[in-house]
Q: 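Encoded as structure tokens, here's the structure I'll be asking about.
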Amino acid sequence: MLEGQYEAKKVEDKIYKLWEESGFFNPDNLPTRHKKPFTIIMPPTNANGNLHAGHALVMTIEDIMIRYKRMEGFKALWLPGLDHAGFETQVVYEKKLEKEGRSRFKMEGAELYKEIWAFTEENKTHIRNQVKKMGASCDWSREKFTLDQDVVKTVHKTFDKLYKDGLVYRGKRIINWCTKHQTSLSDLETSDTEQQDKFYYLKYGPFIIATTRPETKFGDKYVVMHPNDKRYAEYKEGQKIDLEWINGPITATIIKDEAMDMEMGTGVMTITPWHSGVDFEISERHNLEKEQIIDFYGKLLPIAGEFAGMKILEARPKIIEKLQQKGLVEKIEENYKHTVKTCYKCNAIIEPQIMNQWFVKMDPLAKKAAQAVRAKKITFIPDNYRKIFLHWMDNTIDWNISRQIVWGIPIPAKICDSCNAGFPDLDNKVIACPNCKKPVRADKDTFDTWFSSGQWPLVALNYPDKKDFKTFYPTNVMESGADLIFKWIPRMVIFGLYLAKKVPFNTVYLHGLVLDAKGQKMSKSKGNVINPLDLIEKYGTDALRINLVVGNTPGTSLPLDENKIRGYKNFANKIWNASKFVLMNLNDYSPKTKVVYNAKQKKILKDLQKIVKNTTKQMDSFKFYLASEEIYHYFWHAFCDKIIEEAKPALIEGANKKQRQATQQMLLEVLTTNLKLLHPFMPFITEEIYQQLPVKGKKEFLMIESWPK
RNA sequence: GGGUGAUUAGCUCAGUUGGUUAGAGCGUUGCAUUCACAUUGCAAAGGUCGCUGGUUCGAGUCCAGCAUUACCCACCA
């Protein structure tokens with residue numbers, strides 16, 4: 001019997017354990033009616049911390065889809081996983097080391113790797129428990145980690161295949177270098193920060209050039225202007241000009257390039273190809289010499305003469321002082337506003353550097369991804385993300401996949417320092433460079449984490465092994481945060497098409513951010529982070545889950561309001577009490593009794609059919625926000641407020657027996673159907689109640705009941 | 001500079017192909033209560049649907065422009 005108020009804590013862990021023991025999370029164990037596969041691969045959770053509110057939303061939405069499809073009779077697989085999350089995790093661990101007064105730069109790579117491995121193992125245990133707390137009905141027997149041996153093996157093979165197909169190359173290109181973390185970063189791993197600096201106008205021979213970074217100017221021997229700039233028409237491409245510069249006389253060469261903006265500054269600039277993206281491109285176009293001025297720790301190299309060895313910011317005023325003494329400073333503009341690229345993790349200013357790195361040639365791969373999307377092989381929810389995807393795929397730049405960190409999948413390659421060649425060597429056999437015959441060394445770098453997570457749907461299903469892959473690939477839905485529309489989603493499409501020749505999923509469902517009650521982004525620095533486990537503790541998982549769904553349209557961010565969650569806790573209690581009432585009146589009920597419904601009862605059941613039909617339609621079109629709201633409303637304001645209230649007279653002592661039986665049957669029918677409809681959203685309470693109902697043809701679990709028709 | 005959204009009740013948001021008096025949750029106010037539930041019930045207040053114009057018999061919904069706002073991308077000598 002149900003008693004008192006609903007107490008989530010007494011129910012949730014117990015029910016989850018029962019489900020887990022049933023084995024039904026594993027589609028192979030589902031009853032025979034479950035034939036057609038339905039698959040969601042869980043986005044791999046970063047194994048470097050705890051679940052946050054965003055994860056709670058992921059778990060809720062995906063579990064709703066899976067439970068719904070499972071009840072509909074699909075062979076439902078929801079495959080959980082964890083990501084080593086390369087740089088992200090290493091940064092988290094480095095912060096931990098810093099707190100302990102240690103540094104990764106004083107550690108052996110292997111030692112650091114071992115420590116981070118232990119760290120992620122510990123996190124994995126916590127994360128699993130937290131995912132279970134959310135009620136996630138995922139198949140733990142298939143859990144994957146992006147550093148599992150078979151994953152590493154597949155990722156290595158992909159690298160090799162890309163190389164052989166000419167889609168991976170080792171290039172000496174300009175990259176984003178973080179001087180703190182000592183690694184290169186992709187463009188997506190940098191952010192823009194606005195800051196105010198002094199803007200120096202310097203006399204460069206007959207020209208005035210403006211710069212915020214005089215410390216890069218030591219090697220500047222090319223002066224660039226627009227070919228159509230009339231002010232400088234007298235100067236010809238390739239013309240040499242002798243002039244006095246920071247550390248003595250130099251010879252500058254005139255370059256004309258259309259990348260110049262005539263409106264900006266004086267319309268003339270000198271270039272530093274080693275430390276600026278734009279300058280690098282100009283120098284590539286004109287085949288100019290490039291020289292490194294700043295080392296990887298942000299210190300000036302010997303080319304800086306007396307300033308060599310100084311840190312940039314220390315050297316800057318001293319350089320200006322010297323230039324002033326030489327009369328080469330025209331003017332200094334204070335408080336010049338501009339933006340600089342910074343490391344998205346430590347906010348250190350990115351120092352562009354030219355380095356030998358591995359790159360993926362994106363254009364041919366992206367074209368195929370765009371083609372598949374244009375051919376409607378993938379549906380985006382909400383639809384406008386399709387445009388964003390295509391825009392991204394139509395404007396790609398080559399992807400730097402090497403990182404100078406230990407935490408990640410090692411790049412299985414050999415490097416020749418003599419001729420700068422690099423080539424895959426999966427079996428670790430090559431000892432001499434095939435180009436110049438000189439000895440080679442093993443590449444110490446690791447892959448960008450997106451290189452492996454980009455292959456996630458494949459490796460999660462043990463590709464190229466056929467068993468699961470054949471049954472569950474392509475998967476049905478990829479559900480993910482909207483911010484991953486260009487970081488992750490395209491890479492999965494690209495690798496899916498490249499390796500398996502099929503898109504990895506047919507639908508992409510994107511959810512927005514979970515914000516605090518005031519609509520602010522949650523962040524540790526603001527101190528407004530809400531821990532989902534605290535909410536579960538206070539209100540129960542079911543209340544949290546339905547709160548995350550009702551009224552939350554895909555792609556839109558959602559403020560997390562505790563008042564609202566409290567409302568859904570009340571709803572859980574309402575479900576509990578209504579069920580308690582129905583059960584209280586079923587003591588003389590038998591499912592075998594034949595009953596005849598009166599007109600009113602027939603109408604109630606007919607109305608219920610409408611609700612079922614509508615809800616199903618909304619579930620099928622991924623409108624969980626509407627489906628949940630409709631059931632909520634029906635349960636509370638139709639079932640409780642009207643149907644139960646109006647049924648009371650027929651249940652009291654001394655009422656007509658036939659009428660009582662028909663009323664019992666009707667109430668039970670409506671209640672059971674409601675529990676089924678509610679189950680994907682509020683799995684715990686509905687399962688607990690279902691277990692106690694005298695339902696005709698009852699299944700072992702509500703979880704595997706049939707979705708009402 | 002480019003892109004994508006948003007703008008509807010005090011707050012957070014729905015409103016499906018244009019069709020009577022525009023909805024929900026939370027909040028607010030009043031009343032009720034030995035009844036499954038006070039974690040309740042009943043009732044109420046509250047919106048010229050950002051602005052301007054257009055299409056239409058009819059516009060919150062479609063089109064154009066504007067304003068405000070959020071996020072994303074690029075550039076910044």
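The chains referred to below are lettered A, B, ... by the order of the sequence lines, with proteins before strands, and numbering in each begins at 1.
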Q: Give every donor-acceptor pair under 3.5 Å between a side-chain atom in residues 382-393 of chain A and any protein atom, sequence neighbours left out.
A:
residue, atom, partner, partner atom, Å
A:Arg386, NH1, A:Val373, O, 2.9

Q: Nearest-Å distance, CD1 (A:Ile388) to P (B:G3)?
A: 13 Å
Q: Side chain of A:Lys217, base of B:A77: donor and acceptor closer than 3.5 Å?
A: no
Q: Which whole-number value in Å describes the distance from A:His338 NE2 to B:C75 P?
A: 15 Å
Q: Go through the structure and list residues passing salt bridge (Lys or Arg N to Asp or Glu O under 4.0 Å) with A:Glu215, not counting sequence neighbours.
A: A:Arg213, A:Arg316
Q: Heavy atoms only, 4.0 Å cut-off, all strands: where does A:Thr553 land among base, sugar-phosphate and nothing?
A: sugar-phosphate
Q: If you check every side-chain atom of A:Trp636, which of B:A77, B:A36, B:G41 has the closest atom?
A: B:G41
Q: Using the six-membered ring wherever Trp is involved, compare the ring planes of A:Tyr6 and A:Trp576 and label them parallel, tilted or perpendicular (cut-offs 30° and 60°).
A: tilted
Q: As a check on the pairing definition, encode RNA chain B in dot-bracket form, counting Watson-Crick and G-U wobble pairs whose two distances are under 3.5 Å, and using | for partners outside this strand.
A: (((((((..((((.....[...)))).(((((.......))))).....(((((..]....))))))))))))....
Q: Of the nucleotides B:C35, B:C42, B:A14, which has the atom closest to the A:Asp641 side chain?
A: B:C42
Q: At under 4.0 Å between heavy atoms, what does A:Val340 touch on the DNA or RNA strands: base, sugar-phosphate, or nothing?
A: nothing
Q: Indicate yes or no for a side-chain donor-acceptor contact from A:Asp516 to the backbone of A:Asn528 under 3.5 Å, with no hydrogens or angles considered.
A: no
Q: Salt bridge between A:Lys290 and A:Glu284, side-chain N to carboxylate O under 4.0 Å?
A: yes
Q: Less than 4.0 Å between a side-chain N and a carboxylate O, is that true for A:Lys345 and A:Glu88?
A: yes
Q: Please state how far atom CG in A:Leu560 lies from atom C1' in B:C26, giving the value in whole angstrom units.
A: 13 Å
Q: What's A:Tyr6 touching, base or sugar-phosphate or nothing? Going by heavy atoms closer than 4.0 Å.
A: nothing
Q: Rounded to the Å, how far apart are A:Phe389 CZ and B:G3 P?
A: 20 Å
Q: Taking the side chain of A:Ile644 as its heavy atoms from C-beta onward, which of B:A36, B:G15, B:C73 lies nearest to it?
A: B:A36
Q: In whole angstroms, how far is the P atom of B:C37 from the CZ atom of A:Phe571?
A: 18 Å
Q: Which nucleotide in the set B:C72, B:A36, B:U39 lies at the smallest distance from any side-chain heavy atom of A:Lys521?
A: B:C72
Q: Looking only at side chains, do A:Lys617 and A:Asn614 share a donor and an acceptor under 3.5 Å apart?
A: no
Q: For the residue pair A:Tyr68 and A:Asp620, confirm or rule out a side-chain donor-acceptor distance under 3.5 Å.
A: yes
Q: Reckon A:Tyr201 touches a base, only the sugar-phosphate, or nothing at all at heavy-atom distances under 4.0 Å?
A: nothing
Q: Would you call A:Asp363 and A:Lys367 a salt bridge, taking side-chain N to carboxylate O under 4.0 Å as the test?
A: yes
Q: To the nearest Å, how far apart are A:Asn570 CG and B:G41 C1'?
A: 14 Å
Q: So, is A:Lys341 close to the B:A74 phosphate, meaning a side-chain N or O under 4.0 Å from OP1 or OP2?
A: no
Q: Restricting to salt bridge (Lys or Arg N to Asp or Glu O under 4.0 Å), what partner residues turn up for A:Asp257, sequence neighbours left out?
A: A:Arg285
Q: Need one value for A:Phe199: base, sugar-phosphate or nothing, where a base atom within 4.0 Å counts as base even if backbone is also close, heavy atoms only.
A: sugar-phosphate
Q: Return no unless some side-chain N or O of A:Tyr539 is found under 4.0 Å from OP1 or OP2 of B:U39.
A: no
Q: Give a yes-or-no answer on whether the side chains of A:Tyr589 and A:Gln665 include a donor-acceptor pair shorter than 3.5 Å.
A: yes
Q: Using 30° and 60° as the class boundaries, would you call the ring planes of A:Tyr336 and A:Phe199 parallel, tilted or perpendicular?
A: parallel
Q: I'd like to compare against my own output: the B/S/- annotation of nucleotides 16-25 of chain B with a strict under-4.0 Å heavy-atom distance to protein.
A: --------SS
Q: Report, as yes or no, whether the 6.0 Å neighbourhood of atom CD on A:Glu194 holds more than 12 heavy atoms from other residues, nucleotides or ligands.
A: yes
Q: Take atom CD1 of A:Ile565 and atom P of B:C11, then tell me their distance rounded to the nearest Å.
A: 21 Å
Q: Look at all strands and tell whether A:Asp261 reaches a base, only sugar-phosphate, or nothing, counting heavy atoms closer than 4.0 Å.
A: base
Q: With heavy atoms under 4.0 Å as the rule, sort A:Phe486 into base, sugar-phosphate or nothing.
A: sugar-phosphate
Q: Would you indicate which nucleotide in B:A14, B:A77, B:A36 comes nearest to any side-chain atom of A:Met269?
A: B:A77
Q: Whole Å only: how far is the CD atom of A:Glu258 from the P atom of B:A77?
A: 20 Å
Q: Counting only side-chain heavy atoms from C-beta out, which of B:U40, B:A14, B:U39 sits nearest to A:Lys574?
A: B:U40
Q: Is there a donor N/O on one and an acceptor N/O on the other, under 3.5 Å, for the side chain of A:Glu645 and the base of B:A36?
A: yes
Q: Quick test: give all pairs of protein nitrogen or oxygen and nucleotides 5-10 of chain B nitrogen or oxygen below 3.5 Å, distance rounded to 0.1 Å.
A:
residue, atom, partner, partner atom, Å
B:G5, OP1, A:Lys387, NZ, 3.0

